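Keep in mind it's a predicted model, so treat the numbers as computed, not measured. Read the numbers this way: they start at 1 and go in the same order the structure lists the ligands and their atoms.
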Amino acid sequence: MRALNAADILAVWESARDYHPVDQALALLAAADPQRPHDELAALPLGQRDAQLIALRQNLFGDHLPGRAQCPQCHEAVEFELSCRALRDSRPATATTERILEIDGYTLQLWPLDSHGLAAAARTSDIDIARHALLARCVRSARCGEQHLNVNDLPEQVIQAVAQNLMDHDPQAELLIDLACPTCHHQWQSVLDMAQLLWTELAARAQRLLIEIHTLARAYGWREDDILALSEARRAAYLDMVAA
Ligand SMILES: [Zn+2]
């Protein structure tokens with residue numbers, strides 16, 4: 001994974017700003033790892049995708065990760081602080097390979113939930129179609145005895161078992177954090193959407209960069225490329241002088 005510079009941040013923001021969040025996450029990973037084929041990134045189990053997003057976030061903006069949530073009991077706004085390193089260290093390993101699930105005479109070949117599946121499910125607002133799209137991605141093959149089956153033909157109890165198996169084998173597909181309310185002392189778990197969080201931070205950084213380019217170009221007549229090539233420290237120093 002390479003570090004993204006100012007020009008990279010603007011480029012990925014510009015190309016992916018209208019994408020679906022699933023594809024924005026992939027665009028971020030692709031920018032940090034341009035040699036890696038898109039299909040391979042999209043096939044990363046979600047737990048691994050998020051682990052890479054956390055590493056990228058740490059590279060870009062540092063270890064300290066501030067967040068906000070609302071207490072579900074008293075509705076007070078709760079601010080919290082996370083460490084990217086601690087988040088990465090606390091994550092159990094994710095199964096990355098196909099595995100076999102045998103249940104009630106059915107034999108299924110399963111693949112962990114990945115961005116392909118999320119993207120397919122996101123294309124519809126119908127919950128049944130979305131569920132089918134996810135299953136179609138995760139169930140690589142299904143048979144009962146010698147008979148090969150389509151995902152549509154699986155009985156409900158087998159589908160439930162598949163869903164449970166997917167959760168058990170990629171526990172970090174959902175990144176849960178423990179929160180406590182300082183006002184009413186209620187404790188709860190919240191899902192941290194790393195993809196959305198990192199994209200929001202990157203978009204804000206891109207907006208700041210555009211303002212910096214605008215300010216320096218107007219003051220000195222420099223080209224965008226030259227301004228982006230400046231180190232953060234030099235850019236900040238010139239911006240201070242312009243503002244003085
Ligand atoms: Zn509370």
For residues Ile211 and Leu239: do they belong to one hydrophobic cluster (side chain heavy atoms under 4.5 Å, members Ile, Leu, Val, Met, Phe, Trp, Tyr)? no
Within one Ile-Leu-Val-Met-Phe-Trp-Tyr cluster: Leu210 and Leu202, side-chain cutoff 4.5 Å: yes
Go through the structure and list residues passing side-chain hydrogen bond (donor to acceptor under 3.5 Å, both in side chains) with Arg234, not counting sequence neighbours. none
Indicate whether the side chain of Gln52 and that of Gln48 have a donor and an acceptor atom separated by less than 3.5 Å. no
Quick one: are Gln187 and Leu179 in side-chain contact, heavy atoms under 4.5 Å? no
If I only include protein atoms of type N, O or S, how many are less than 2.8 Å from the Zn ion (ligand 1)? 4
Salt-bridge contact Glu76-Arg68 (side-chain N to carboxylate O under 4.0 Å): no
